[in-house]
There are 2 protein chains.
Amino acid sequence: MRKRTEAPERRRSDLLDAAQRIVLDKGVAGLTVDEVTARAEVAKGTFYLYFRSKEQLLGALQDRFVDDLTARQRAELDRLDAGDWMGRLLHWMESSIRGYLAHADLHDALFHHPRSEDPASQPSIGHGQAARHGHEADPTINTHAAALADILEAGTAAGAFTLANPRAAAILLYNTMHGTADYLVEQAQRETTDSSTNLVDAVISESLNLCRRYAEPTG
Amino acid sequence: MRKRTEAPERRRSDLLDAAQRIVLDKGVAGLTVDEVTARAEVAKGTFYLYFRSKEQLLGALQDRFVDDLTARQRAELDRLDAGDWMGRLLHWMESSIRGYLAHADLHDALFHHPRSEDPASQPSIGHGQAARHGHEADPTINTHAAALADILEAGTAAGAFTLANPRAAAILLYNTMHGTADYLVEQAQRETTDSSTNLVDAVISESLNLCRRYAEPTG
DNA sequence: ACCTGAACACCGTTCAAGT
DNA sequence: ACCTGAACACCGTTCAAGT
């Protein structure tokens with residue numbers, strides 16, 4: 001019964017890292033609390049000092065994935081001309097899809113998982129309540145969707161877009177992106193590398209057409 | 001040890017019906033093989049004569065949901081003017097979102113569930129392998145996505161749409177619809193009836209704008 | 001305060017035995 | 001051929017006991 005006390009945040013991220021490796025190895029279905037704690041070198045019960053349930057751990061992994069992607073995009077957007085709203089929109093769309101594809105294995109493994117109806121699942125242990133399918137698209141919860149909503153609202157205010165309802169538009173385009181990325185990830189696993197690269201390029205190209213025509217039809 | 005032999009298709013749909021009731025009552029997380037077989041009044045082992053796993057049962061429920069929706073839509077589309085391609089597209093989009101919302105409880109419960117990485121899960125017992133997230137959008141697998149692809153391809157060929165790549169467009173718009181329906185379903189559970197009705201109408205209205213501007217920008 | 005790990009409880013799946 | 005249900009195996013979660 002050795003005891004190794006660690007800074008709580010460090011311990012928490014150890015558990016997340018271990019879980020992420022397992023998810024990449026065997027998928028969400030192969031994730032067990034037993035193996036998470038074994039890889040993180042703590043006792044099984046310690047898991048429940050940092051996460052309310054296995055379900056909440058998955059939520060925290062999803063949050064981390066989306067937050068990392070959003071941070072990378074924000075850095076890239078800062079290098080674009082501030083007044084080029086269409087450029088910012090097209091960049092958001094293309095780099096989001098490509099960003100998901102670049103981490104296809106993790107994205108695919110993470111973003112298909114069970115939802116418990118557990119009514120008592122309020123966020124209370126740290127941050128780590130997942131953005132799930134559905135409110136995933138909610139700009140008030142998901143920073144990635146919020147970045148898109150910002151572009152559409154500011155661009156409309158600036159007269160670059162002619163959108164009747166930029167908030168609704170953000171919901172639509174966020175889901176266009178996310179569902180399409182899911183689809184391309186699965187196709188990539190099914191097809192040869194060559195033919196799926198063609199599909200990816202064709203669909204991304206068409207997604208940019210969609211953005212252009214939808215946001216600025218008078219352009 | 002009483003034995004009640006039934007026509008296999010009947011038994012199978014009894015199990016599906018029982019599972020659907022449970023999913024509506026307690027969600028996917030609350031679904032157990034034990035309770036499915038209890039409600040269908042068969043022994044636990046009988047379940048595995050009709051489904052390879054609990055996972056495959058969920059896939060079969062999803063298939064049934066999508067097939068029912070598609071059949072209803074097809075009947076409605078037959079009443080539209082055959083040459084009115086934009087009308088058909090707008091109808092597909094609006095009735096799909098509203099169709100999902102009308103069965104929000106079942107749709108929400110069904111379309112968020114785990115994927116096993118089980119490499120041995122080939123469809124072999126009857127039909128009932130699920131269309132999952134990802135290839136869900138594949139028109140060759142999902143009849144609902146196929147209906148949209150048909151409209152876009154035929155409408156483009158007829159000159160009503162000016163789409164560079166109707167197949168890619170179908171993937172994009174299918175995901176716009178599906179993700180947005182997911183989002184609206186979850187919002188509906190979160191908000192009061194009044195405010196969510198407003199949101200639904202605003203988002204649907206904007207989705208029709210998107211279809212109009214995207215498919216027929218010269219119109 | 002933080003950590004341990006044995007014990008418990010709950011299913012998914014199998015299979016030898018029934019009709 | 002179709003069905004049964006006890007038994008097995010596998011985890012998620014808890015909690016009394018350690019430092």
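Listed by first then second residue, pairs satisfying ring pair (Phe, Tyr, Trp, His ring centres under 6.0 Å) with a partner in residues 53-77 of chain B read B/F65-B/Y100, B/F65-B/H107, B/F65-B/F111, not counting sequence neighbours.
Applying the side chain to side chain contact (heavy atoms under 4.5 Å, CB included) criterion to B/T156, with sequence neighbours excluded, gives B/F161, B/L163, B/P166. Partners of B/S205 according to the side-chain hydrogen bond (donor to acceptor under 3.5 Å, both in side chains) rule, which considers only residues two or more places apart in sequence or in another chain, do not exist here. Taking the side-chain hydrogen bond (donor to acceptor under 3.5 Å, both in side chains) definition, one finds that B/R64 meets it with B/D17, B/Q20, sequence neighbours left out. Remark: B/E76 engages B/R79, B/H91, B/S95 in a side chain to side chain contact (heavy atoms under 4.5 Å, CB included) (not counting sequence neighbours). Residues passing the side chain to side chain contact (heavy atoms under 4.5 Å, CB included) test with B/D201, sequence neighbours excluded: B/R98, B/T197. In this structure, the ring pair (Phe, Tyr, Trp, His ring centres under 6.0 Å) partners of B/F47, at least two apart in sequence or on a different chain, are B/F51.
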task = Determine which bases of DNA chain D form Watson-Crick or G-U wobble pairs with both distances under 3.5 Å, and write the result as a 5' to 3' dot-bracket string with | for other-strand partners.
result = ||.|||||...|||||.||

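One can place CZ of B/R11 at 18 Å from P of D/dA1, the figure rounded to the nearest angstrom. As rounded to whole Å, 18 Å separates atom C1' of C/dC3 from atom CZ of A/R12. Atom P of nucleotide C/dG5 and atom CD of A/E41 are separated by 12 Å, given to the nearest angstrom.
Using a 4.0 Å cut-off between charged side-chain N and carboxylate O, A/K26 and A/E35 make a salt bridge.
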Restricting to nitrogen or oxygen on both sides, can you table the protein-nucleotides 11-15 of chain C pairs closer than 3.5 Å?
residue : atom : partner : partner atom : Å
C/dG12  : OP1  : B/L31   : O            : 3.3
C/dG12  : OP1  : B/K54   : NZ           : 2.6
C/dG12  : OP2  : B/V33   : N            : 2.6
C/dG12  : N7   : B/K44   : NZ           : 3.3
C/dT13  : OP2  : B/Y48   : OH           : 2.7
C/dT13  : OP2  : B/K54   : N            : 3.1
C/dT13  : O5'  : B/Y48   : OH           : 3.2
C/dT13  : O4   : B/K44   : NZ           : 3.1

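Dashed line: the shortest gap from a side-chain N or O of B/Y50 to OP1 or OP2 of D/dC2 is not under 4.0 Å.
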